[in-house]
Amino acid sequence: MKRLMGLLVLVAGVASAAIPQSEREVLIALYNSTNGDSWGTKTNWKSGGSFSAAGTECTWFGVICAGNAVTSVQLVQNNLTGSLPSLTGLTNLRAFNVYSNQLTGSIPSLSGLTSLQYFYVYSNQLTGSIPSLTGLTSLHFFLANSNKLTGSIPSLTGLTNLQYFQAFSNQLTGSIPSLTGLTNLEDFYVNSNQLTGAVPDPPSPSALVAGGSSLCPNYLTVSTSSAWNTATGSTPWSTACTSTTPISISPGGITNAASFDNTALAPGSLASLFGVFTGTNTTTASSSPWLTTLSGLSVKFNN
């Protein structure tokens, strides 16, 4: 069973001094880029239509400070829309929790956020890839599941404090990276993606909680592993996996059949599709009007 962690609350005194201007700018950018005027709660962010004066930031809803630095942003289920801005100015950030909103766009770079411990962006509509996590040695929880993320799972090497990694229910591809050295990793959920290749065997580290991980469904190479059986609570661990690569359309791979222009499609026109079509046969339609199903294969656009 997935053990999604709830809202983390960091308690700190309200700072009376102004936070650095670079941190204030990130907060303002976050408000503007996520349609802050439509947030469910936005107490103290604005006064008289303008952003509240410098020195008040630690009283803004969802902002928690220690000393004169922002250490936590908590905007869970608060009707955030739009995309996330750069967070690199929040150099003392420990927790960033914006799950269960309607965020789109990509996850911004986390480079340099060496104090970051908790990063929760799950249950949004985020696209793009998971950014590099290299150097985030303080990271304990990374939860980005239930989005529309693509690309591969980044290297987890060196994240010795990582306890929970959850990226299930996305569109991730590639192989599962090495888990060697992650001596505190307890939960590892990457199911319901398009991952391929072999699983790390044995599933290092041994800290994985019995039944606290999930690898399938994916397109992983089926193998025998009692350790993964224990970690996933499923015997065999590969019960819901298949090694058959799915049919997939390449990015920009739907084009006008005559010009191969992927911006010139219109209802009723002929299209060419480029991608991976494992298990299909070469078949040619013999006459028009063209069939909508050929050799058992059909394609739907927006259902």
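This chain uses plain numbering: 1 for the first residue, then up along the sequence.
Classified by interplanar angle (parallel below 30°, tilted 30° to 60°, perpendicular above 60°), the ring pair Trp45/Trp39 is perpendicular. Ring-plane geometry between Tyr122 and Tyr120 is classed as tilted, the angle between the planes lying from 30 to 60 degrees on a 0 to 90 degree scale.
Exactly one residue among Leu110, Leu136, Leu143 makes a side chain to side chain contact (heavy atoms under 4.5 Å, CB included) with Phe119. That residue is Leu110.
Side chains of Asp201 and Ser225: a donor-acceptor N/O pair is present below 3.5 angstrom, by distance only. If you check the side chains of Thr88 and Ser86, you find a donor sitting under 3.5 Å from an acceptor. Judged purely by distance below 3.5 Å, without hydrogens or angles, the side chains of Asn229 and Ser226 never pair a donor atom with an acceptor atom. Counting only N and O atoms by type, the side chains of Gln163 and Asn184 include no donor and acceptor under 3.5 Å apart. Between the side chains of Trp228 and Ser213, no donor-acceptor pair of N or O atoms lies under 3.5 Å.
Between atom CZ of residue Phe168 and atom CG of residue Leu195 there is a gap of 13.5 Å, rounded to the nearest 0.5 Å.
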Output, in order, the C-alpha distance, side-chain angles, deciding distance and verdict of side-chain hydrogen bond (donor to acceptor under 3.5 Å, both in side chains) for Tyr31 and Asp37.
-> CA-CA 8 Å; Tyr31 185 97; Asp37 287 345; 2.6 Å; yes

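Glu57 places a side-chain N or O within donor-acceptor distance of the main-chain N or O of Gly55, the cut-off being under 3.5 Å.
Note that Lys46 lies in the cation-pi zone of Phe51, set by a 6.0 Å cut-off to the ring centre and a 45° limit from the axis.
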